[in-house]
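A short write-up of the structure that comes next.
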Amino acid sequence: MTDLFQLLLSGLATGGIYALAALGFTLLWQASGTINFAQGEFVMLPAFLMLGFNALGLPLILSFAITCVVAVVVLGWAFKRGLADPLLKHGMMPIVVATLGLSILLKNGIRAGVSAEAFPFPSLFGDTVLHIGGAAVTVADIGTLVCAFVLVLGTQAFLNKTVTGRAMQAVAQNTDSATVLGINVPRMVFYTFAINALLACAAALLVSPAYLGKFDMGEGLSTKAFFAAIIGGFNNSRGALLGGVIVGVSENLAAHYVSAAYKDAVALVIFMFVILVRPQGLLGKKVERKV
């Protein structure tokens with residue numbers, strides 16, 4: 001029973017990180033129809049920026065704050081203006097190919113320009129271990145779980161409870177109607193890209209102590225986050241949280257009770273099952289298209 005408790009808590013913490021990255025997928029899709037297959041590298045790049053600022057003697061929190069500003073400019077504004085805006089008018093395939101290329105470019109750029117080695121990343125929560133009812137639980141797992149859930153639920157509250165958030169959702173639902181209502185559509189879309197960049201920075205801060213700072217650290221994260229977004233419902237931001245939790249907990253349980261060799265296959269199996277049974281995702285809605 002204690003093993004199960006530890007596995008569930010660790011899986012929830014991992015699932016929360018997947019949910020942060022998956023939320024970026026769903027937000028960009030809803031607001032602009034963009035699928036960013038470089039999402040994992042959008043987590044990797046802030047991790048290396050924080051390591052760089054930290055190496056200069058800046059404390060971790062200050063490094064994180066500066067990285068957030070840089071990420072909004074580079075991964076938010078520059079990504080939107082330089083890649084998404086010019087290509088989206090030509091359809092979905094160019095943006096898919098371009099983001100796949102961007103993923104390869106960022107990975108190889110870091111490997112060639114920095115190093116192929118893995119760098120230890122300082123933990124925000126330390127390495128303290130708590131003993132609860134016979135189960136050994138790390139403060140890092142608890143802190144990661146709390147932070148990830150607060151960020152996901154906070155983003156959801158922002159979208160539903162604020163004027164700006166509701167305007168962003170209006171743009172996602174119908175761009176023409178939002179324009180008629182006087183909503184500044186380009187600004188709302190930029191806010192979505194900026195939020196995605198901030199979520200990527202938060203995911204980097206939380207996941208890097210376990211994944212280490214490595215050029216390919218975002219590879220597996222991106223794939224599992226994409227699966228989580230599909231499982232939960234690609235057109236529902238709450239689905240990102242559900243999908244992330246399902247993937248994180250399931251792969252932990254499978255690694256312990258079945259075999260660690262099958263850990264990375266769990267997300268794919270669940271993804272395929274959901275696609276076959278409920279293609280719109282567990283919380284997603286069917287979207288009819290006219291041809």
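Please read these numbers as outputs of a predicted model, since none were measured by experiment.
- Between Tyr211 and Phe121, the distance separating the two ring centers is not shorter than 6.0 angstrom.
- The aromatic rings of Phe226 and Phe37 sit tilted relative to each other, their planes meeting at an angle between 30° and 60°.
- Between Val189 and Asp85, the closest side-chain pair of non-hydrogen atoms is not below 4.5 Å.
- Taking the six-membered ring for Trp, Phe79 and Phe42 have ring centres closer than 6.0 Å.
- No single ILVMFWY cluster, assembled from side-chain heavy atoms under 4.5 Å apart, contains both Leu205 and Val69.
- With Val249 as reference, Leu12 is the one residue of Val266, Leu12, Leu7 to meet the side-chain contact (heavy atoms from CB on, under 4.5 Å) rule.
- Hydrophobic cluster membership differs between Tyr18 and Val269, with clusters built from Ile, Leu, Val, Met, Phe, Trp and Tyr side chains linked at under 4.5 angstrom.
- Follow the hydrophobic side-chain contacts under 4.5 Å out from Val129 and you never reach Val146; the two are in separate clusters.
- The number of heavy-atom neighbours closer than 6.0 Å to CZ of Arg166, taken from other residues, nucleotides and ligands shown, is above 12.
- For the atom pair CG of Asn108 and CD of Glu41, the computed distance is 10.0 Å after rounding to the nearest 0.5 Å.
- Classification of Lys224 and Asp264 as a salt-bridged pair holds, one side-chain N sitting under 4.0 Å from a carboxylate O.
- Residues Met272 and Val258 do not share a hydrophobic cluster, clusters being chains of Ile/Leu/Val/Met/Phe/Trp/Tyr side chains in contact below 4.5 Å.
- Here Leu276 sits alone; no ILVMFWY side chain lies under 4.5 Å from its own, so it joins no hydrophobic cluster.
- Here the straight-line distance linking atom OG1 of Thr164 with atom CZ of Arg187 works out to 9.0 Å at 0.5 Å rounding.
- The hydrophobic cluster containing Leu212 does not contain Met217, counting ILVMFWY residues as joined when their side-chain heavy atoms lie under 4.5 angstrom apart, directly or transitively.
- Using a 4.0 Å cut-off between charged side-chain N and carboxylate O, Lys214 and Glu117 make no salt bridge.
- Side chain to side chain, Asn36 and Thr99 fail the donor-acceptor criterion of an N or O pair below 3.5 Å.
- Defined by atom type and a distance below 3.5 Å, a donor-acceptor pair is missing between the side-chain atoms of Ser222 and Gln39.
- Identified under the side-chain hydrogen bond (donor to acceptor under 3.5 Å, both in side chains) test for residues 137-159, with sequence neighbours left out: Thr138-Asp141, Gln156-Ser237.
- No option in Val72, Leu27, Leu28 other than Leu27 meets the side-chain contact (heavy atoms from CB on, under 4.5 Å) test with Ile195.
- Atom CG of residue Leu45 and atom CG of residue Leu75 lie 5.5 Å apart, to the nearest 0.5 angstrom.
- Counting heavy atoms from C-beta outward, Leu268 and Phe271 have side chains that approach closer than 4.5 Å.
- By the 6.0 Å contact criterion, CZ on Arg81 is open, its count of non-hydrogen atoms from other residues, nucleotides or ligands being 12 or less.
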